[in-house]
Amino acid sequence: MKLPKKINPCPILDALIEIRFSTNINRDAVFGLIYNALHSDFEKVDKLPIMQLPDQVRDSDPSLKFKPHYRLSNENIVVQVGPDVITISSYPKYTGWNSFSSKIYDILEKVQNIGIIDSIIRIGIRYINFFEQNIFDDINLKVTLSENTIDYKNTVIRTEISQDNYKSTLQIANNANHNNKSGSVIDIDTFMDNNIDDFFHRKKEIIDNGHEKEKELFFSLLKEEFLNTLNPEY
């Protein structure tokens with residue numbers, strides 16, 4: 001399938017890469033070292049609400065292990081850091097893959113140079129898209145009940161799809177709201193959680209391929225007639 005380079009209007013609300021890792025230093029020191037490496041590019045620093053929880057609660061709840069604690073931001077990029085995770089987002093506006101990926105590789109190079117990461121546990125590339133309509137009318141996905149298509153009222157679907165060495169968590173909902181507008185969300189998190197021991201040596205290959213798998217899944221969902229209304233550029 002030939003994939004568009006861009007569509008207009010762009011439905012992307014957020015695009016981010018998440019890297020979960022283990023470290024060889026005291027977990028409390030992770031943010032400080034990453035901040036020292038990145039602070040010249042990110043003037044704004046915020047503590048995230050999770051920091052209001054007592055240390056014992058954060059450390060004992062497995063669901064909080066990979067949650068970021070701090071947020072660094074500039075006009076185009078948001079970096080969130082926790083003791084076991086770093087995320088990089090093209091936010092508030094998606095600047096396109098070429099621009100976004102160059103920022104990703106620059107930030108990862110600086111993090112790699114600190115030498116605090118023992119191993120990478122999971123790498124994910126996630127895109128969240130919003131459409132001001134019931135998206136189930138315009139996608140190549142059907143849910144049937146006893147061979148009858150359902151009405152898709154207040155519908156949320158979540159599934160996992162294998163794509164070669166990657167997996168994608170696909171979530172679609174038609175009960176979303178964005179800026180007081182009702183609509184639908186297509187949320188795709190394409191990830192790799194094995195065979196990434198040499199991630200920093202292969203980061204460009206792993207991330208670029210993951211991005212391509214995410215795009216393939218997204219555009220394969222859209223019906224051709226709907227895609228044509230989005231002014232695809234190839």
Side-chain angles (χ1 to χ4, degrees), residues 14-92 95 97 99-128 165-169 189-211 214:
D14 196 5
L16 65 93
I17 179 170
E18 182 202 64
I19 297 172
R20 300 179 181 181
F21 58 82
S22 63
T23 181
N24 53 16
I25 65 167
N26 188 312
R27 297 171 76 248
D28 292 337
V30 169
F31 172 70
L33 292 169
I34 292 179
Y35 173 76
N36 284 338
L38 303 180
H39 77 278
S40 61
D41 294 326
F42 297 92
E43 296 178 354
K44 194 167 188 302
V45 183
D46 298 293
K47 279 186 181 179
L48 295 174
I50 192 174
M51 292 299 286
Q52 296 176 10
L53 296 173
D55 291 353
Q56 294 144 322
V57 173
R58 289 200 307 267
D59 294 342
S60 61
D61 186 342
S63 69
L64 301 179
K65 179 174 175 58
F66 296 109
K67 298 295 184 185
H69 293 185
Y70 295 91
R71 183 180 192 270
L72 311 175
S73 60
N74 60 29
E75 65 273 18
N76 293 317
I77 297 291
V78 172
V79 178
Q80 298 190 114
V81 180
D84 307 282
V85 67
I86 180 169
T87 70
I88 305 167
S89 303
S90 180
Y91 187 86
T95 56
W97 180 245
S99 170
F100 181 36
S101 60
S102 71
K103 298 292 185 186
I104 292 171
Y105 302 135
D106 178 60
I107 290 167
L108 292 182
E109 192 79 23
K110 291 174 180 175
V111 172
Q112 179 184 4
N113 290 339
I114 305 171
I116 62 172
I117 293 180
D118 258 352
S119 63
I120 301 298
I121 299 168
R122 181 187 188 276
I123 166 78
I125 300 103
R126 184 177 182 185
Y127 279 73
I128 302 171
N165 295 325
Y166 297 82
K167 300 172 188 172
S168 287
T169 301
D189 181 15
T190 299
F191 64 95
M192 180 181 278
D193 56 4
N194 56 53
N195 298 322
I196 46 178
D197 293 339
D198 56 349
F199 169 75
F200 280 114
H201 297 291
R202 299 171 50 222
K203 57 183 179 294
K204 189 172 188 309
E205 170 198 338
I206 291 172
I207 292 172
D208 282 354
N209 287 344
H211 172 252
E214 187 281 334

Validation row: Leu48, His69 side chains within 4.5 angstrom (heavy atoms): no

I'd like to know if the side chain of Asn209 reaches the main chain of Glu205, judged simply by a donor and an acceptor atom lying under 3.5 Å from each other, with no hydrogens or angles considered. yes

Restricting to ring-ring contact (aromatic ring centres under 6.0 Å, His included), what partner residues turn up for Tyr166, sequence neighbours left out? none

Going through the distances and angles, do Ile121 and Phe66 end up as a side chain to side chain contact (heavy atoms under 4.5 Å, CB included)? CA-CA 11 Å; Ile121 299 168; Phe66 296 109; 4.2 Å; yes

Can you list the residues that meet the ring-ring contact (aromatic ring centres under 6.0 Å, His included) rule with His211, with sequence neighbours excluded? Trp97, Tyr127

Quick one: are Ile104 and Ile207 in side-chain contact, heavy atoms under 4.5 Å? yes

Please name all residues satisfying side-chain hydrogen bond (donor to acceptor under 3.5 Å, both in side chains) with Arg58, sequence neighbours left out, ordered by chain then number. Asp55

Using the salt bridge (charged side-chain N to carboxylate O under 4.0 Å, His left out) criterion, which residues pair with Asp189? Sequence neighbours excluded. Arg122

Those residues at least two apart in sequence (or on a different chain) that pass ring-ring contact (aromatic ring centres under 6.0 Å, His included) with Tyr35 are Phe31, His39

What pairs with Asn36 under side-chain hydrogen bond (donor to acceptor under 3.5 Å, both in side chains), at least two apart in sequence or on another chain? none

Under the rule for side-chain hydrogen bond (donor to acceptor under 3.5 Å, both in side chains), what residues qualify as partners of Ser102, not counting sequence neighbours? none

Using side-chain heavy atoms (C-beta onward) and a distance below 4.5 Å, is Thr23 in contact with Val30? yes

Residue set satisfying side chain to side chain contact (heavy atoms under 4.5 Å, CB included) with Asp46, at least two apart, ordered chain then number -> Lys44, Arg71

Distance from Ile123 atom CD1 to Phe21 atom CZ, nearest 0.5 Å? 12.0 Å

Student check: side-chain heavy atoms of Leu108 and Phe199 closer than 4.5 Å: yes

Using a strict 4.0 Å threshold on nitrogen-to-oxygen distance, state whether Arg27 and Asp84 make a salt bridge. yes

Within this structure, what is the CG-CG distance for the pair Leu53 and Leu64, rounded to the nearest 0.5 Å? 6.5 Å

Run the numbers on Ile117 and Phe200 for side chain to side chain contact (heavy atoms under 4.5 Å, CB included), then give the verdict. CA-CA 10 Å; Ile117 293 180; Phe200 280 114; 3.9 Å; yes

Tell me which pairs pass salt bridge (Lys or Arg N to Asp or Glu O under 4.0 Å) where either residue lies in residues 101-117, with sequence neighbours left out. Asp41-Lys110, Asp106-Lys110, Glu109-Lys203

The side-chain hydrogen bond (donor to acceptor under 3.5 Å, both in side chains) partners of Ser99 (sequence neighbours excluded) come to Thr95

Contact check, side chains of Ile88 and Phe100, non-hydrogen atoms, under 4.5 Å: yes

Any heavy-atom pair between the side chains of Ile19 and Val85 that's under 4.5 Å? no

Taking only residues two or more places apart in sequence or in another chain, which ones pass salt bridge (charged side-chain N to carboxylate O under 4.0 Å, His left out) with Glu43? none

Please identify each residue that fulfils salt bridge (charged side-chain N to carboxylate O under 4.0 Å, His left out) with Asp208, with sequence neighbours left out. Lys204

Is the backbone of His201 close enough, under 3.5 Å, to the side chain of Asp198 for a donor and an acceptor to pair up by distance? no

One should read off an interatomic distance between Phe191 CZ and Ile17 CD1, to the nearest 0.5 angstrom, of 14.0 Å

First locate atom CG of Asp118, then atom CG of Asp197, and finally report the distance between them rounded to the nearest 0.5 Å. 11.0 Å

What heavy-atom pair brings Val79 and Leu38 nearest, and what distance separates the two atoms? CG1-CD1, 4.2 Å

Any side-chain heavy atom of Ile77 within less than 4.5 Å of one from Ile107? yes

Rounded to the nearest 0.5 Å, what separation is found between the CD1 atom of Ile128 and the CG atom of Asp14? 5.0 Å

So with a 6.0 Å cut-off around OH of Tyr91, is the heavy-atom count from everything else above 12? no

Spacing of Asp193 atom CG and Asn165 atom CG [to the nearest 0.5 Å]: 11.0 Å

